[in-house]
Amino acid sequence: MIRLHDTRAKKKVEFQPREPGKVSMYVCGVTVYDLCHVGHARTAVAFDVIVRHLRARGFDVRFVRNITDVDDKIIRKGLAEGRPAAEVARSYADAMAADMDGLGVAPADVEPRATLHIAEMIDVIRRLEARELAYAAGGDVYYSVAGFPNYGGLSGQSPEELQAGARIEVGENKKSPLDFALWKAAKPGEPSWESPWGPGRPGWHIECSAMSHRYLGDTFDIHGGGSDLIFPHHENEIAQSEGAFGAFARYWMHSGMLNFGGEKMSKSLGNVVTIRRAAETHDLEALRLLLISVHYRSPAGFSIARDDAGQPVYPDLDEAEARLDYFYRTLERLDGFAGTLASPPTPPPSDLATRFVEAMDDDFNTAAGIGHLYDAFVLANKLLDDPKAAPKTERQSALTALARDARMVGTTLGIMRRPPAEFLNSRRARLCVQRKIDPQAVESSIAERAAARAAKNFQRADEIRAGLKQRGVELMDGPKGTAWRVV
RNA sequence: GGUGCCGUGGCCAAGUGGUAAGGCAAGGGUCUGCAAAACCCUCAUUCCCCGGUUCAAAUCCGGGCGGCACCUCCA
């Protein structure tokens, strides 16, 4: 049984899909007018993990995530850069796809773009007009909030309270401050489409009502997005969709914001770290691990510090990457020991699988789930370290089960999906470049040290160790020779 | 002003009635020629404060204090 926090109910509720075994889900994606930042990454990763877990639990999930490719900011950006808005949108949509891929965020089953669904939007607006929930005014069309008594139900606000703060901008033709644009009359130089109300373009909210209906129908299971979309975006979607089709999403899920220095990371505040920027210095899998180390609904922090040269550094990302390094190193050891086994099932040495699924079933508690993963890895290393702990066949069987369970966890969380050596080698190579370490020089130092050790010249050997250590190279002597890593 | 969220050890962070997960940092140890890695031990009688309910509260209720978000574009 899966429980999830429903924004409208304001509590955790039991999840009962509309059709047994099937989940239909719509999540608001981004407006593509710039590169995605780590805040966007958080929301994308959060819902990616939710979808992965639902699938792991056997649900047939149909997942829709839209792309908003027409709006004021895209148009403005196009004017500033001297290129068509459509081109701006396309280039940033491509950038987003690449960034999401880097983060291990799987593409949605459908990724509809607003500009390709104008006809559907017009259809929704006409339905609203027919029900007297929409009115045309000066080429614009507005939603009449007064006609929708449940307005405010999601965000917990009453129309009267909202009324107080709202106001009508100059140039708008609305009758009431709470009314919002469904269709905006074309202005010179802006992209526009033909409509029953004349040339224009859609308001922001209508695309989600139109596209969720097109791909998921009158009603569907889960609607998600960042918590900053609760009002007005999702409130307005409800008004539109319930107004036009009588029903809408059955559960509402919202992910928390990513804060930096106590403030929300956003372009208007200028404290943005793009996914691309993070990828320059870190493995994006580390960013992913960092993001899922906090429960998806809690506000999360992202620390930024300055190094001696005044360049920004990211301590949280460093730590997450070091943890990921531990995971992969342990996995590599497990593979080396357990890989040969073809044995009958043994009672699992840990209850990782059970505990992880339990944590995830309870509102997708990735933070608790990762805690269980640490427990399992400590146990794995312990078994690997101690040959006398149990007969070899039992240890192999237990460790094989552990490796299998760890990878199951990794599949749901979207981490540990590469062969360990691939991660470890690429990380070391990257750190070498960053620290200006020459791998060849390290190897020859190691050879020199090996010779010194063979000659029992431990003083020389320790000098070499210390010299490398100073440059951030750590040596690890083992039965198969000396390995090294950058710390 | 309205709405909602939050306040857990030096830092990060789980935990919505049953007696404080996990990670980082720190100290000690096992192992090692020395190290590193790995593992072990120590590290919150207590969960912002004050009341209340209860056999039992970090968890529920009331009141403070502090922080954040939304109410305008925002993942």
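Letters A, B, ... are given to chains in the order of the sequence lines, protein chains preceding strands, and every chain is numbered from 1.
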Any N or O donor-acceptor pair linking the side chain of A/Asp477 to the base of B/C34 at under 3.5 Å?
yes
Report the relative orientation of the aromatic rings in A/His233 and A/His205; use parallel for angles under 30°, tilted for 30 to 60°, perpendicular for over 60°.
tilted
What contact category does A/Leu475 fall into here, base, sugar-phosphate, or nothing, at under 4.0 angstrom with non-hydrogen atoms?
base
Whole-Å distance between B/G23 C1' and A/Phe327 CZ?
9 Å
What does A/Val487 touch in the nucleic acid at a heavy-atom separation under 4.0 angstrom: a base, only the sugar-phosphate, or nothing?
nothing
Using a heavy-atom cut-off of 4.0 Å across all strands, would you classify A/Ser255 as base, sugar-phosphate, or nothing?
nothing
Rounded to whole Å, the NE2-P distance (A/His205 to B/U72) equals 11 Å
Could you check whether any side-chain N or O of A/Arg288 sits under 3.5 Å from a backbone N or O of A/Leu413, counting only pairs where one atom can act as donor and the other as acceptor?
yes
Just call it for A/Gly29: base, sugar-phosphate, or nothing, with non-hydrogen atoms closer than 4.0 Å on any strand.
sugar-phosphate
Per A/Val30 side chain, nearest of listed nucleotides B/A36, B/A75, B/C40:
B/A75
Distance in angstrom units between A/Asp462 CG and B/U32 C1', rounded
11 Å
Rounded off to whole Å, could you give me the OH-to-C1' distance for the A/Tyr374 and B/C24 pair?
9 Å
Over-ring placement of A/Arg323 relative to A/Tyr326, 6.0 Å and 45° cut-offs:
yes
Could you give the distance separating B/C24 and B/A20 at their P atoms, to the nearest angstrom?
23 Å
Over all strands shown, is A/Arg65 touching base, sugar-phosphate only, or nothing at heavy-atom distances under 4.0 angstrom?
nothing
Distance between the P atoms of B/C60 and B/G15, in whole angstroms?
13 Å
What is the distance, rounded to the nearest whole Å, between atom CG of A/Leu103 and atom P of B/A75?
16 Å
Indicate whether the side chain of A/Asp363 and that of A/Tyr296 have a donor and an acceptor atom separated by less than 3.5 Å.
yes
Separation of B/C71 atom C1' from A/Leu178 atom CG, nearest Å, is 10 Å
Closest nucleotide among B/C68, B/A75, B/G23 to the A/Asn259 side chain
B/C68
Heavy atoms only, 4.0 Å cut-off, all strands: where does A/Asn365 land among base, sugar-phosphate and nothing?
sugar-phosphate
In terms of side-chain heavy atoms of A/Ser298, which of B/G22, B/A14, B/C24 is nearest?
B/A14
Looking only at side-chain atoms of A/Lys382, point me to the closest of B/A21, B/A75, B/C39.
B/C39
Any base atoms under 4.0 Å from A/Arg297, or only sugar-phosphate, or nothing? Heavy atoms, all strands.
nothing
What's A/Arg465 touching, base or sugar-phosphate or nothing? Going by heavy atoms closer than 4.0 Å.
base
Mind checking the P distance from B/C49 to B/U54? Whole angstroms is fine.
23 Å
What nucleotide among B/A37, B/A75, B/A21 has an atom nearest to a side-chain atom of A/Asp375?
B/A21
A/Phe458 over B/G33, stacked by centroid distance under 5.5 Å, angle under 30°:
yes
When all nucleic acid strands are considered with a 4.0 Å heavy-atom cut-off, which category describes A/Gln157: base, sugar-phosphate, or nothing?
base
Within the 3.5 Å criterion, strictly below it, is a donor on A/Asn381 or A/Thr330 matched to an acceptor on the partner's side chain?
yes
When we call it a touch if two heavy atoms are under 4.0 Å apart, what does A/Ser158 touch: a base, just sugar-phosphate, or nothing?
nothing
Do A/Thr274 and A/His37 have a side chain donor and acceptor closer than 3.5 Å?
no
Under 4.0 angstrom, heavy atoms only, what part of the nucleic acid is A/Asn381 near: base, sugar-phosphate, or nothing?
sugar-phosphate
Nearest to the side chain of A/Arg329, which nucleotide is it out of B/C24, B/A75, B/A38?
B/A38
Considering only the C1' atoms, how many Å lie between B/G17 and B/U59, rounded to the nearest integer?
7 Å
Just one of A/Phe248, A/Tyr251, A/Tyr215 clears the ring pair (Phe, Tyr, Trp, His ring centres under 6.0 Å) bar with A/Phe220, so which one?
A/Phe248
Output the single nucleotide from B/A13, B/C39, B/A36 whose closest atom is nearest the side chain of A/Asp385.
B/C39
Specify the separation, in whole Å, of atom CZ of A/Arg355 and atom P of B/G22.
9 Å
Under the 3.5 angstrom rule, does the side chain of A/Arg435 hit a backbone N or O of A/Val487 as a donor-acceptor pair?
yes
Just call it for A/His233: base, sugar-phosphate, or nothing, with non-hydrogen atoms closer than 4.0 Å on any strand.
nothing
Counting any heavy atom closer than 4.0 Å, what does A/Lys10 reach on the DNA or RNA strands: base, sugar-phosphate only, or nothing?
sugar-phosphate
Nearest-angstrom distance from the residue atom CZ of A/Arg333 to C1' of B/A37:
8 Å
